[in-house]
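Taking it in order: structure first as structure tokens, then the write-up.
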Amino acid sequence: MSEQAFTRPFPALTPAQRYKLDVLGYVIIENTLTPDEVGETRDALHRLRADLRAAMDPEKPTETRVRGAHFRAHGPHYQYIATMYEADPAITRYCCHPRLVGMAEELIGSPARIIETAGIINTRDPSVALNATGVSYGFHAGTDIPFGSHTAGNGLYHCNFVKTLTNLTDLTPEDGGTVVIAGSHKINAGTQDIIKLAYEDRSLIHQVVAPAGSTLLFSETLIHATGHLRSDLERCIIICGYGPMMFPDWSRGDGQHLHPTPEFDARVPASMKHLFHGRAHWGRQQKYRTLGQPVDTTPIQWPEWLLEGAEEKTPR
Ligand SMILES: O=C(O)CCC(=O)C(=O)O
């Protein structure tokens, strides 16, 4: 295999975007995906859902695998597909998107590996009464503040579990965008107490409202949840979770499907192996920006293997 560079922007965020990320625990970047990329990724998730549904035993929907992917949850109004980076070239491209990986690395503070993938398709659940005052959410965080985060010598916040969550449908306030408790990534004072006070002062609960193709970059120390869908539109999002290279890929833990498969792995160039395998070494290769450092605007160079089979997609 010819060597193909994997160049990610560094820094991937403007100073103002980085500041917002530090203060709030998240930042929303619009237009990270082109309309074509939004369409092909959404189509890929719908195709995968249809293939999983065709193959599954309705009594045990989470047990079926299609191209490595499986339903982690399958309900009438909410489907969560996991372990899916091999399932479709558009999904592989999303997880390897040089700009998104660059954004994740900026927040981690070192080169990233993939530790989780997810696609969520959901619609309004008519059985849930959504009265505007008392509505609650499934708030949670993926890692705790003392272990999961640190402030580096650059004075900036870093986290060892981060996500790029991109909406593939437009999200108005009615469309169930992700909700977060702003600033909770830094308040190590009891998750339940923070959730309680946020319900008392709902201005602390921020919701993603953004056009399709926008990415929510957040630290998994931030308390967050799926928003409530009030419209009749379907919400479709894709998520890639990243961590430092010595971390495991959580989806390998189920013992059923080890990925990358040898066939997939044979296509991955040496420069990108760490994204799928991590690296068995404690050295995490610190990668810290300063706040004032301007964003790297070098046009994205897609590694060739990611463009194989892509229609009318040229390296940018
Ligand atoms: O569905 C969403 O918007 C949030 C997803 C989520 O909670 C997660 O990725 O941990």
Side-chain angles (χ1 to χ4, degrees), residues 6-33 94-115 141-167 171 177-188 204-211 213-224 237-245 247 275 284-301 316:
F6 183 40
T7 312
R8 292 90 79 195
F10 182 75
L13 301 177
T14 66
Q17 289 166 344
R18 189 58 166 91
Y19 186 86
K20 276 189 202 166
L21 177 63
D22 265 52
V23 171
L24 301 170
Y26 75 92
V27 64
I28 299 167
I29 315 287
E30 294 189 2
N31 298 315
T32 56
L33 299 194
Y94 177 78
C95 298
C96 298
H97 193 303
R99 184 165 173 218
L100 300 185
V101 174
M103 284 165 34
E105 291 183 333
E106 169 157 352
L107 180 50
I108 297 169
S110 67
R113 70 155 305 174
I114 296 168
I115 56 177
T143 187
D144 61 287
I145 293 170
F147 175 73
S149 60
H150 68 282
T151 300
N154 57 4
L156 298 175
Y157 184 89
H158 297 277
C159 184
N160 60 23
F161 180 17
V162 312
K163 279 184 179 165
T164 56
L165 184 160
T166 300
N167 51 301
L171 294 175
T178 309
V179 286
V180 307
I181 303 181
S184 58
H185 64 305
K186 286 187 179 166
I187 310 296
N188 185 29
L204 292 165
I205 302 177
H206 295 190
Q207 183 180 2
V208 176
V209 174
S214 305
T215 298
L216 170 71
L217 169 68
F218 69 102
S219 138
E220 272 281 346
T221 42
L222 185 73
I223 300 171
H224 60 283
I237 62 172
I238 184 165
I239 303 171
C240 194
Y242 302 90
M245 291 187 293
F247 271 28
L275 203 54
R284 64 189 163 94
Q285 300 176 10
Q286 297 179 6
K287 200 171 175 182
Y288 294 136
R289 69 173 294 167
T290 59
L291 182 58
Q293 210 173 333
V295 63
D296 178 355
T297 54
T298 311
I300 287 172
Q301 292 292 323
R316 293 164 300 157

Thr143 versus Thr221, side-chain donor and acceptor atoms under 3.5 Å:
no
Atom CG in Leu156, atom OH in Tyr19: separation rounded to 0.5 Å?
11.0 Å
Considering all heavy atoms, the nearest Ala210-Ile28 contact
CB-CG2, 4.2 Å
CZ of Phe218 to CG of Leu21, rounded to nearest 0.5 Å, is 11.5 Å
Roughly how far, to the nearest 0.5 Å, is CG of Leu216 from CD1 of Ile237?
9.0 Å
Begin with the C-alpha distance, continue with both residues' side-chain angles, and end with the deciding distance and a verdict on side-chain contact (heavy atoms from CB on, under 4.5 Å) for Gln17 and Met103.
CA-CA 11 Å; Gln17 289 166 344; Met103 284 165 34; over 6 Å; no
For a quick check under 3.5 Å, do Tyr26 and His206 share a side-chain donor-acceptor pair by atom type?
yes
Is the backbone N or O of Pro211 less than 3.5 Å from a side-chain atom of Asn167, with the two atoms forming a donor-acceptor pair by type?
yes
Starting at CD1 of Ile239, measure out to OG1 of Thr215 and round the result to the nearest 0.5 Å.
11.5 Å
Would you indicate whether Lys186, at its atom NZ, is surrounded by more than 12 heavy atoms from other residues, nucleotides or ligands within a distance under 6.0 Å?
yes
Do the side chain of Thr164 and the main chain of Gly241 share a donor and acceptor less than 3.5 angstrom apart?
no
Between OG1 on residue Thr14 and CG on residue Leu291, distance to nearest 0.5 Å:
9.5 Å
Between His158 (side chain) and Leu107 (backbone), is there a donor-acceptor pair under 3.5 Å?
yes
Looking at every heavy atom in both Phe10 and Tyr288, which two are closest together, and how far apart are they?
CZ-C, 3.6 Å
Could you work out, with ring pair (Phe, Tyr, Trp, His ring centres under 6.0 Å) as the rule, every residue matching Tyr157, not counting sequence neighbours?
His185
Shortest non-hydrogen pair, Asp144 vs Pro146, comes out as OD2-CD, 3.3 Å
With a 4.5 Å heavy-atom cut-off, do Leu171 and Gln207 have their side chains touching?
no
Rounded to the nearest 0.5 Å, what separates atom CD in Glu105 from atom OG in Ser110?
7.5 Å
Do Leu217 and Leu13 make a side-chain contact, defined as non-hydrogen atoms from C-beta onward lying under 4.5 Å apart?
yes
Going by the salt bridge (charged side-chain N to carboxylate O under 4.0 Å, His left out) test, name the single residue among Arg99, Arg8, Arg289 that passes it with Glu106.
Arg289
Check: Pro9 main-chain N/O paired with Asp296 side-chain donor or acceptor under 3.5 Å
no
Please name the pair of heavy atoms, one in Gln301 and one in Pro98, separated by the smallest distance, quoted to 0.1 Å.
O-CG, 4.0 Å
Distance-only, no hydrogens or angles: does the Tyr242 side chain make a donor-acceptor pair with backbone N or O of Leu275 under 3.5 Å?
no
Looking only at heavy atoms, what is the nearest atom pair of Ile108 and His150, with distance?
O-CE1, 4.1 Å
Locate the shortest heavy-atom distance separating Ser184 from Leu222; write the atom from each residue and the value.
OG-CD1, 3.5 Å
